[in-house]
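Data first, discussion second: the structure below is written as structure tokens.
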Amino acid sequence: MHPPGTAAATATHCPYCALQCGMNLRPEPGGGGVAVEERADFPVNRGALCGKGRTAPAVLSSRVRLTEPLVRTHAGRLEPATWEEALDVVAAGLTRTARTHGPDAVGVFGGGGLTNEKAYALGKFARVALRTSQIDYNGRFCMSSAAAAHQKAFGLDRGLPFPLEDVPRTGCVILVGSNLAETMPPALRYLTELKANGGTLVVIDPRRTRTAAQADLHLAPRPGTDLALALGLLHLVVADGRTDEEFIAARTTGWEEARAAAMAHWPELVERITGVPVPALREAVALFCAPDSAMVLTARGPEQQSKGTDTVGAWINLCLATGRAGRPLSGYGCLTGQGNGQGGREHGQKADQLPGYRKLTDPAARAHVAGVWGVDPDSLPGPGRSAYELLDALGSEVKSLLLMGSNPVVSAPRAAHVEDRIRSLDFLAVADVVLSETAALADVVLPVTQWAEETGTTTNLEGRVLLRRRALTPPPGVRSDLEVLHGLAARLGIEKGFPTAPEEVFDELRRASAGGPADYSGITYDRIQAEQGVFWPCPDGSTGTERLFLDGFATEDGRARFVPVAHRAAAEIPDADYPLLLTTGRVVAQYQSGAQTRRVDELNDAAPGPFVELHPRLAARLGAVDGSLLAVTSRRGRAVAPARITDAIRADTVFMPFHWPGEGRANTLTNPALDPTSRMPEFKVCAVRVEPA
């Protein structure tokens with residue numbers, strides 16, 4: 001019960017990472033916004049929140065957010081406009097491009113933070129209202145390599161095939177390329193509890209992060225060599241007779257080819273490639289194989305590589321060869337990054353997918369979704385370009401762009417080039433809550449509601465569908481993304497089919513997903529609230545699926561597939577001109593491109609700007625001291641930031657966080673070399689040189 005005279009709290013979820021931590025929002029007296037309160041009953045975070053979650057309401061302030069549409073004048077300035085004027089300009093710009101150059105000259109770019117309802121409506125809008133194939137989203141930069149590897153091995157992609165509550169109960173966790181202590185702080189307790197229960201933790205990261213400091217064993221491979229490391233561990237599993245032959249025979253296919261590929265990566269070769277000593281490789285295998293159960297969890301480290309799909313596939317092979325998949329307290333899982341990175345790719349804003357995780361090229365899938373939408377299946381366009389390829393085509397093949405909930409000027413690889421491409425567009429419309437670096441380049445900026453001002457569902461990293469509930473009224477002059485799409489569709493001649501009520505959109509999503517791999521048809525808003533979230537797949541009448549694959553994998557024969565893979569070098573390796581390796585990542589007080597968190601004073605005080613982390617030996621060679629400015633140069637550009645000297649990083653590697661624009665923009669440097677399957681860019685490794693600025 002809340003004290004007499006105070007407003008009731010609204011149970012909802014944090015707007016940031018894929019934990020989607022539960023929180024309560026209570027209106028402050030006098031209409032002063034909302035206060036965050038602990039919500040101990042939600043099982044994922046059990047009340048714990050990081051600084052970003054605690055300060056999330058700060059971005060709701062009219063001091064930092066957009067509260068009226070902006071339209072660029074003939075003088076080149078963004079000036080306030082009415083909603084009707086702004087939507088008229090957007091519809092006219094998109095229509096003009098389609099008539100002049102064809103529908104595929106119009107692009108749509110979404111975000112992994114959009115709710116399921118908005119992601120679904122955006123995909124439908126692109127294919128039904130605009131008739132364009134050119135739609136993708138920034139989740140392509142998040143966990144698309146893990147998704148592709150999931151599909152190949154298991155026939156289904158859900159980040160974690162088990163709830164987080166299973167992690168502390170397993171015997172060993174190998175955590176690859178994840179710094180949970182900074183990216184998902186409330187989840188660190190699961191690793192702490194794992195160790196308290198007698199389990200062991202192996203962390204693989206080129207930096208001794210706060211997470212790696214918790215490990216029983218920390219392996220620090222050279223960036224870009226995670227694939228060789230996984231193959232070397234599998235080689236040792238085979239050589240030491242630690243394979244689970246009964247499991248392999250009963251529940252998998254393709255073992256002979258995968259084993260032969262792994263045996264070509266003997267320990268001494270792997271040591272030369274990765275820099276990880278052979279005794280440490282053997283210790284990792286012993287820790288992983290000793291208990292009856294174990295897990296491998298990966299994040300962006302091994303995934304954001306030009307061979308990310310194969311790298312994740314090698315870690316899956318390790319799980320399958322040792323019988324650590326499709327069994328209680330065992331398996332492979334991916335730690336999704338963005339708030340709705342999971343749901344965002346399930347319902348149609350990816351270039352090759354329809355709602356329910358259906359394939360756009362599948363005639364039966366097209367017929368089902370077209371039936372829900374009331375259109376001819378043949379009218380649906382085919383697959384379009386992936387995220388980076390779409391951004392790269394701006395101004396040349398794609399002349400106009402509608403962008404929702406993303407800031408590629410900061411977040412995309414080879415960001416200076418992407419910024420140039422965006423500037424070359426005939427027309428750009430951006431819907432966002434703040435004037436991001438990308439929105440500042442737009443012809444029209446549409447101010448939209450935020451997490452606490454709207455109701456909608458998200459799907460967290462466990463595959464748990466959650467309900468964010470509206471806790472306060474948005475300010476005048478702000479509309480929801482659903483209202484934006486409704487208004488644009490009407491101007492394009494489509495009066496029906498784009499409702500503005502989130503629950504109505506979700507009910508349509510349920511029908512569109514029915515029978516698909518990501519089946520939400522049995523999920524309702526009422527069930528989500530009553531059950532603290534519902535796990536998909538959840539066909540109508542089902543209780544949901546908390547743990548996948550225990551009775552069989554989602555393949556035609558029910559068997560998991562080994563995929564033979566071999567190590568290959570990163571797209572760029574150091575040379576005389578660029579002798580060092582750059583890897584990028586996040587810091588605890590900022591999130592993604594920083595468009596929102598950089599507007600929160602408390603977070604900026606904790607993490608005020610970019611830096612270059614480097615080893616003392618490298619610093620000595622450069623004559624650098626803590627705080628001195630360093631220039632980091634790659635084949636794509638130059639960034640300048642203060643030095644941060646630490647022995648927690650390899651001497652051949654430098655690290656930069658990617659949250660900031662300007663001269664410290666880390667993604668000016670990163671390489672857009674793409675994984676051939678997932679089309680994931682190689683954010684995590686490129687060749688650079690470092691010198692005093």
Looking at [X] and [Y], what are the two nearest heavy atoms and their distance?
| X | Y | value |
| --- | --- | --- |
| His347 | Gly356 | ND1-N, 3.4 Å |
| Gln305 | Asp675 | O-CB, 3.8 Å |
| Arg635 | Ala687 | NH1-CB, 4.0 Å |
| Pro103 | Leu130 | CB-O, 3.6 Å |
| Pro206 | Pro221 | CB-O, 3.4 Å |
| Ala666 | Thr584 | CB-CG2, 4.3 Å |

Pick one: which of Lys684, Glu572, Met656 meets side-chain contact (heavy atoms from CB on, under 4.5 Å) with Leu582?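 Exactly one pass, corresponding to Met656.
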* To do: Could you point out which residue of Gln342, Glu462, Arg464 forms a side-chain contact (heavy atoms from CB on, under 4.5 Å) with Arg158?
  =>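 Exactly one pass, corresponding to Gln342.
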Whether Phe683 and Phe141 hold their rings parallel, tilted or perpendicular, with breakpoints at 30° and 60°: perpendicular
Determine whether a donor-acceptor pair (N or O, by modelled atom type, separation under 3.5 Å) exists between the side chain of [X] and the backbone of [Y].
| X | Y | answer |
| --- | --- | --- |
| Arg665 | Val409 | yes |
| Glu682 | Ala571 | yes |
| Lys124 | Phe498 | no |
| Thr225 | Ala228 | no |
| Ser406 | Gly111 | no |
| Arg586 | Phe658 | no |
| Gln20 | Cys17 | yes |
| Arg300 | Leu335 | yes |
| Arg636 | Leu669 | yes |
| Thr115 | Lys118 | yes |

(Q) A quick test of your reading: do over 12 heavy atoms of other residues, nucleotides or ligands sit less than 6.0 Å from CD1 of Ile494? (A)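 Yes, the 6.0 Å shell around CD1 holds more than 12 heavy atoms from other groups.
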Item checked: Neighbour count >12 (heavy atoms, 6.0 Å) for atom NE2, His368 ->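 Yes - once you tally the heavy atoms of other residues, nucleotides and ligands closer than 6.0 Å, there are more than 12.
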Taking distance alone, no hydrogens or angles, what donor-acceptor pairs closer than 3.5 Å link side-chain atoms of residues 374-385 to residues at least two apart or in another chain?
from   : atom 1 : to     : atom 2 : distance (Å)
Asp376 : OD1    : Asp378 : N      : 2.9
Ser379 : OG     : Asp376 : O      : 2.6
Arg385 : NH1    : Gln134 : OE1    : 2.9

[atom2] on [Y] to [atom1] on [X], rounded to 0.5 Å:
| X | Y | atom1 | atom2 | value |
| --- | --- | --- | --- | --- |
| Thr336 | Leu19 | OG1 | CG | 10.0 Å |
| Phe125 | Leu492 | CZ | CG | 5.0 Å |
| Ser306 | Met680 | OG | CE | 11.5 Å |
| Asn116 | Arg510 | CG | CZ | 13.0 Å |
| Leu320 | Phe154 | CG | CZ | 5.0 Å |
| Gln349 | Leu354 | CD | CG | 13.0 Å |

For side-chain contact (heavy atoms from CB on, under 4.5 Å), just list the numbers for Thr97 and Lys399, CA-CA rounded to whole Å, side-chain angles, deciding distance to a tenth of an Å, and then say yes or no. CA-CA 7 Å; Thr97 294; Lys399 303 290 188 179; 3.7 Å; yes
Any side-chain heavy-atom pair of [X] and [Y] under 4.5 Å:
| X | Y | result |
| --- | --- | --- |
| Pro15 | Gln450 | no |
| Leu318 | Tyr332 | no |
| Glu508 | Trp373 | yes |
| Asp426 | His101 | yes |
| Thr459 | Asn340 | yes |
| Tyr137 | Arg345 | yes |
| Arg366 | Leu360 | yes |
| Leu403 | Pro408 | yes |

Subject >> Stepwise side-chain contact (heavy atoms from CB on, under 4.5 Å) test for Thr583 and Val685 >> reply: CA-CA 5 Å; Thr583 192; Val685 52; 6.0 Å; no
In terms of side-chain heavy atoms, does [X] have a donor or acceptor partner in [Y] at a distance below 3.5 Å?
| X | Y | answer |
| --- | --- | --- |
| Asn138 | Gln338 | yes |
| Thr309 | Thr677 | no |
| Thr457 | Tyr520 | no |
| Asp136 | Ser386 | no |

Note to self: Do the side chains of Arg568 and Asp310 get close enough for a salt bridge, i.e. N-O under 4.0 angstrom?
What the structure shows: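 Yes, charged N to carboxylate O under 4.0 Å.
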side-chain contact (heavy atoms from CB on, under 4.5 Å) between Val444 and Phe427, intermediate numbers included
CA-CA 9 Å; Val444 178; Phe427 182 79; 4.0 Å; yes
When you look at Leu441 and Glu419, which way does the side-chain contact (heavy atoms from CB on, under 4.5 Å) test go after all the steps?
-> CA-CA 9 Å; Leu441 303 179; Glu419 181 177 345; 4.1 Å; yes
